[in-house]
Trainee: 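This is the structure I have questions about; it appears just below.
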Amino acid sequence: MWKNIEAAPADSILGLTEAFRNDPSAQKVNLGVGVYKDEEGKTPILNCVKTAEKILLAKEESKSYLPISGDPVYAAEVQKLLFGESGEVITSGRAVTAHAPGGTGALRVGGDLLKKFYPDAKVWISNPTWANHKGVFKTAGFELAVYDYYNPETKAVDFEAMVTSLESIPAGDIVLLHACCHNPSGVDLSDTEWKQVAAIGKEKGWIPFLDFAYQGFGESVEKDRCGIEEFAATGVDLFIASSFSKNFGLYNERTGALTIVSPTAQDSAVAMSHLKTTIRVNYSNPPAHGGLVVATILSNPELHKQWLGELAGMRDRIKAMRSELVEGLVARGVKGDFSYITRQRGMFSFSGLSDEIVAWLRTNKSIYVVGGGRINLAGLTRANIGYVCDAIAEAQNI
């Protein structure tokens, strides 16, 4: 069957991780894959997760299927994260949430659902965006288009160009937005800019689809949902893909959610009916464990407080690495102003490293960076940051 078929290319990021694993160097550093690492270079299991798992294990009585849309407590707690404990969207009942297998699963299910009712729509993605966004929506059958977002000269959002792009998008098309901690650039919209973008969306009639993979990794759980709140306040139809891989450390549990906000509760009930049929022919029912862990933590005041503390610890460590990287490069006389790295948010940064330097760092120093120069700041530790800064300083002189 496969004799005359060429092998598919390796995923640009996961393939890099495979190469990292096979590298025998004792000094190797992985700044590619988007996984949080602690100061020991390990991806930890949060203490609140361990406690929640003990609670679940003690009371578990069955491994039967969850409902198609997942556990109702999980859905309710996800909505509280998105809209606040007593947000208008919750009290009005105009949102529905389904447990999906990770943020990627939520994006794909949302794409499949939208394709059913908007078969001729385009999906607009930011320039740049997470590479898998393209694959997910192309495979769902959509034609892709690009809106302006990042200015490589200023290392910031090119908001004027973004507004021009968004105002040209026709009604019925779908606009994919990063709710916070933009991947790969690390630069986000301000609260004022979010308000303007939401107003444009309402005026033009395109459908906003927000990818919310890093809630709490920017400023806080509350501040990071600004874009969600602005769109929800307009009363438009809105899709939100949540992921709990990063902020709960539940990478291999594939725990996410798709939330659909509609103008009325009646509209949302119709949306849920079609969402269930879309899920049924895909994965049928969601995996239970990760969602039950999240629901247990968020519905328990003590565990919820512990989670917020552990999340703040991860966020603060990444911010510290940003500052130390900039200070290290300045101390070594590396040319350029790298202060923009400290203004970025979340795990990622467009470092400004050229593809030639990226290739040199991998070949000569076993430092793995994604093409285009995106680095994962969480891959830096106090044990390896000096080595990385030395290597970048050396690379600049090649």
Side-chain angles (χ1 to χ4, degrees), residues 34 36 81-84 103 107 124-133 146-166 175-201 208-234 238-243 245-247 311-312 314-323 325-326 337-352 370 372-378:
Y36 177 80
L81 281 182
L82 296 178
F83 310 113
L107 290 166
W124 294 73
I125 58 176
S126 66
N127 181 24
T129 195
W130 179 47
N132 208 28
H133 280 155
V146 173
Y147 63 86
D148 290 319
Y149 185 82
Y150 179 73
N151 185 333
E153 299 299 321
T154 62
K155 307 292 193 299
V157 175
D158 190 342
F159 190 65
E160 185 176 340
M162 182 184 183
V163 166
T164 300
S165 291
L166 295 181
V175 178
L176 186 65
L177 297 150
H178 299 238
C180 74
C181 303
H182 185 276
N183 178 6
S185 72
V187 297
D188 286 345
L189 299 177
S190 68
D191 292 0
T192 303
E193 289 168 341
W194 271 120
K195 185 179 288 293
Q196 188 172 343
V197 167
I200 293 169
F209 197 146
L210 277 75
D211 187 352
F212 206 8
Y214 304 98
Q215 185 175 10
F217 265 59
E219 297 300 326
S220 69
V221 168
E222 294 79 17
K223 291 181 180 179
D224 290 352
R225 65 183 179 221
C226 174
I228 305 286
E229 293 174 331
E230 291 296 343
F231 271 106
T234 66
L238 167 65
F239 283 60
I240 306 161
S242 301
S243 170
S245 294
K246 275 72 177 182
N247 54 13
L311 177 58
M314 292 190 285
R315 181 174 64 241
D316 291 345
R317 199 190 88 74
I318 293 170
K319 288 182 177 180
M321 288 299 100
R322 286 186 179 278
S323 296
L325 175 62
V326 172
D337 177 9
F338 295 95
S339 60
Y340 59 88
I341 293 177
T342 60
R343 294 192 294 272
Q344 297 164 344
R345 303 197 309 172
M347 293 171 62
F348 301 113
S349 169
F350 257 1
S351 62
V370 176
R374 187 206 80 172
I375 61 174
N376 173 17
L377 279 300

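Only this structure's heavy atoms are used, side chains among them; waters, hydrogens and symmetry mates stay out.
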Trainee: Please check if the side chain of Glu193 supplies one atom and the backbone of Phe159 the other of a donor-acceptor pair under 3.5 Å.
Mentor: no

Trainee: Taking all non-hydrogen atoms of both residues, which atom of Phe217 and which atom of Arg315 are closest, and how far apart?
Mentor: O-CG, 3.6 Å

Trainee: Atom CZ of Arg225 and atom CG of Leu210: how far apart are they, to the nearest 0.5 Å?
Mentor: 14.0 Å

Trainee: Taking all atoms of both residues into account, what is the closest heavy-atom pair of Phe212 and Cys180, and its distance?
Mentor: CE1-SG, 3.7 Å

Trainee: Grab the two heavy atoms, one from Ser185 and one from Tyr150, that are nearest each other, plus how far apart they are.
Mentor: CB-CD1, 3.7 Å

Trainee: Just grab all the salt bridge (charged side-chain N to carboxylate O under 4.0 Å, His left out) pairs involving residues 152-164, residues at least two apart or on different chains.
Mentor: none

Trainee: Any side-chain heavy-atom pair from Asn376 and Phe348 closer than 4.5 angstrom?
Mentor: yes

Trainee: Quick one: does Phe83's side chain get under 4.5 Å of Ile240's, heavy atoms only?
Mentor: yes

Trainee: Only counting residues at least two apart or in another chain, list the ones meeting side-chain hydrogen bond (donor to acceptor under 3.5 Å, both in side chains) with Arg317.
Mentor: Tyr36, Glu39

Trainee: How long is the gap from CZ on Phe350 to CD1 on Ile375, to the nearest 0.5 Å?
Mentor: 11.5 Å

Trainee: Starting at CE of Met321, measure out to CD1 of Ile318 and round the result to the nearest 0.5 Å.
Mentor: 10.0 Å

Trainee: Using modelled atom types and a 3.5 Å cut-off, is there a donor and acceptor pairing between side-chain atoms of Arg322 and backbone atoms of Gly346?
Mentor: yes

Trainee: Is the number of heavy atoms from other residues, nucleotides or ligands under 6.0 Å of Lys195 NZ greater than 12?
Mentor: no

Trainee: Decide yes or no for Leu189 and Met162: does some side-chain heavy atom of the first lie under 4.5 Å from some side-chain heavy atom of the second?
Mentor: yes

Trainee: So do the side chains of Ser165 and Trp124 get within less than 4.5 Å of each other, counting heavy atoms only?
Mentor: no

Trainee: Might you work through the side chain to side chain contact (heavy atoms under 4.5 Å, CB included) test for Cys226 and Glu230, ending with a clear yes or no?
Mentor: CA-CA 6 Å; Cys226 174; Glu230 291 296 343; 4.1 Å; yes

Trainee: Taking all heavy atoms of Tyr149 and all of Val187, pick out the closest pair and write down the distance.
Mentor: OH-O, 2.6 Å

Trainee: Of all heavy-atom pairs between Tyr214 and Met347, which one has the smallest distance, and what is that distance?
Mentor: CE2-SD, 4.0 Å

Trainee: Measuring only between side-chain heavy atoms, which start at C-beta, is Asp224 closer than 4.5 Å to Arg345?
Mentor: yes

Trainee: Got a second to check how far Leu176's CG is from Thr129's OG1, nearest 0.5 Å?
Mentor: 6.0 Å

Trainee: Is the backbone of His182 close enough, under 3.5 Å, to the side chain of Asp188 for a donor and an acceptor to pair up by distance?
Mentor: yes

Trainee: Does the side chain of Tyr147 come within less than 4.5 Å of Ser126's, by heavy atoms?
Mentor: yes

Trainee: Going by salt bridge (Lys or Arg N to Asp or Glu O under 4.0 Å), name the residues that satisfy it together with Asp211, two or more places apart in sequence or in a different chain.
Mentor: none

Trainee: If we only count heavy atoms from C-beta on, is the Trp130 to Ile125 side-chain gap below 4.5 Å?
Mentor: no

Trainee: Thr342 side chain to Ser323 main-chain N or O, any donor-acceptor pair under 3.5 Å?
Mentor: no

Trainee: Between atom CG of Leu177 and atom CG of Leu238, what is the distance when rounded to the nearest 0.5 Å?
Mentor: 9.5 Å

Trainee: For residues Ser242 and Leu82, report the shortest heavy-atom separation together with the two atoms involved.
Mentor: OG-CD2, 3.7 Å

Trainee: Are the side chains of His133 and Leu107 in touch, meaning some heavy atoms are under 4.5 Å apart?
Mentor: yes

Trainee: If I take atom CG from residue Leu81 and atom CD from residue Glu222, how far apart are they, to the nearest 0.5 angstrom?
Mentor: 9.0 Å

Trainee: Determine whether Thr164 and Asp148 satisfy the following criterion, side chain to side chain contact (heavy atoms under 4.5 Å, CB included), listing intermediate values before the conclusion.
Mentor: CA-CA 8 Å; Thr164 300; Asp148 290 319; over 6 Å; no

